[in-house]
Number of protein chains: 2
Amino acid sequence: MTERVPYDPFSNPHPAVAVDVILFTIADGELRVLLIRRELPPFEDAWALPGGFVRADESLDEAAARELDEEAGVSVRWLEQLYTFGAVDRDPARRVISVAYFALIDALELSPRAGGDATDVRWCNVRRLPKLAFDHKQIVRYAHQRLRYKAEYAPVAFQLLPKDLTLSELQHVYEVIHGKALDKRNFRRKVLGLEILEPTGESRSEGRGRPAALYRFRRDRFRDLGGGVVLEF
Amino acid sequence: MTERVPYDPFSNPHPAVAVDVILFTIADGELRVLLIRRELPPFEDAWALPGGFVRADESLDEAAARELDEEAGVSVRWLEQLYTFGAVDRDPARRVISVAYFALIDALELSPRAGGDATDVRWCNVRRLPKLAFDHKQIVRYAHQRLRYKAEYAPVAFQLLPKDLTLSELQHVYEVIHGKALDKRNFRRKVLGLEILEPTGESRSEGRGRPAALYRFRRDRFRDLGGGVVLEF
DNA sequence: GGATATTAGTGTCGCGAGGACACTATATGA
DNA sequence: TCATATAGTGTCCTCGCGACACTAATATCC
């Protein structure tokens, strides 16, 4: 139980460190995650989360952002660390631990493009996942749960929308995240009561129907309550 | 931005993986954390959190439990992963990322004992920390915040108490965690309303004063709401 | 241009959770 | 037996939030 000789990971076998990113978006009324197709073994040609090994000269956060950029061509405004998965056998070939991050993006902002070790990339409905490499399905489920949980108290939904937004758009995002309809009046009362939205004075006509007033998120009116460190780039 | 040659951590410089454990207890009306004195550089003789490198054949959870046992002689019922700290320069000598865990223990249950790479061990008031090695002070602050947050919705306090407990003891734990007094009647109404406490029928006389009824925590009545995976050993 | 369809926007009631508040009950020890 | 110390108990009020239906403004279709 007690050992006198210190364990030195630089002269003994030890885990490698990877990061994986769960990138959520909303499109066509669905909550979707970004998947890439692996070019290399293990799990060659399988769908997986974008991610890769951490380099010696970058922080974990930087590694997550870099891998997302390299493999999927996506730059995000922020990333939040989710959990670190460290089961011994989660990679069949080697001992690898993975620090998972999650991020949200407005789907219209840009379209992903495969690169790096990825031969393909796609958005996938979070409730209809294909077979995924490693323990990535479990990681996505965990991320979805955290997203729902976090959406209860933090204005995460604003990351999924353009800067100027309508209350109906915002409500729609919450409905997709939670998977159920919300009452319009209660939703507006609650959101406006938070005093984190500022009317721009403008309005936007979305096809037919009455034009909706536009609002902007006041980041300075809000402080995160914990449960994760949000990193701004 | 895109590179064709995959980065192989087994043939390139890469981070080592450590675990650190923040073990909380309550004693003399204070919230305290367990610290060890380091035997080896870097930060030789400095106070630090118990922890060490992860071995190739053990999960992160197992590594955390092992290090706590080796360095401080403490076995815990459960550990919860807190966060993974991965700044490039958090260890001045080498690139090391640290997966932090936190745990709670009844102070009376056992007394810690230095071992492994630790030459000394002590409980320290969480609000009066000495200089700590690495970024461990930041880690402790983060853990304390998470503990307060988690105590809002999860019955963490039961881990800090013996199996049979009184409502006054339980209230005291919450008061210490939150650093403020609570109303006795409101506290009891709320806790009993959760229906996670079962009266044992016994009572305990604590010196002077009326004897208090004893209760036992009904684990099966409660399910964790997320925000962390709790591991039972 | 008028009818129709479509989306935006608004107020009230009731319930339950939880904070503020003071006294009685039962034991020990002087 | 009296003083002290801790355990235990009930009411009122406020606030958050869920349930619930109609009017307002615009586009489209004839």
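Labels below follow one simple rule: chain letters A, B, ... track the order of the sequence lines, proteins then strands, and each chain is numbered from 1.
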Separation of [X] atom [atom1] from [N] atom [atom2], in whole Å?
| X | N | atom1 | atom2 | answer |
| --- | --- | --- | --- | --- |
| A:F187 | D:dG16 | CZ | P | 17 Å |
| A:E206 | C:dT6 | CD | C1' | 12 Å |
| A:R188 | D:dT23 | CZ | C1' | 13 Å |
| A:R204 | D:dT26 | CZ | P | 16 Å |
| B:E152 | C:dA17 | CD | P | 17 Å |
| A:Q171 | D:dC17 | CD | C1' | 15 Å |
| A:E169 | C:dA8 | CD | C1' | 12 Å |
| A:E175 | C:dT7 | CD | P | 13 Å |

message: Can a donor-acceptor pair be found, under 3.5 Å and without considering hydrogens, that links the side chain of A:D183 to the backbone of A:N186?
response: yes

Between [X] and [Y] (salt bridge meaning N to carboxylate O under 4.0 Å), is one present in this structure?
| X | Y | answer |
| --- | --- | --- |
| B:R66 | B:E70 | yes |
| B:E80 | B:K150 | yes |
| A:R204 | A:E206 | yes |

- request: If the plane angle is over 60° it's perpendicular, under 30° parallel, otherwise tilted; pick one for A:F85 and A:Y142.
  value: perpendicular

- prompt: Which letters describe nucleotides 19-29 of chain C, given B = protein heavy atom under 4.0 Å from base, S = only from sugar-phosphate, - = neither?
  reply: BBBB--BBBS-

message: Check this one for me: any side-chain N or O of A:S168 less than 4.0 Å away from OP1 or OP2 of C:dT7?
response: no

task: Apply side chain to side chain contact (heavy atoms under 4.5 Å, CB included) to A:V33 and A:L23, showing your working.
output: CA-CA 5 Å; A:V33 292; A:L23 181 66; over 6 Å; no

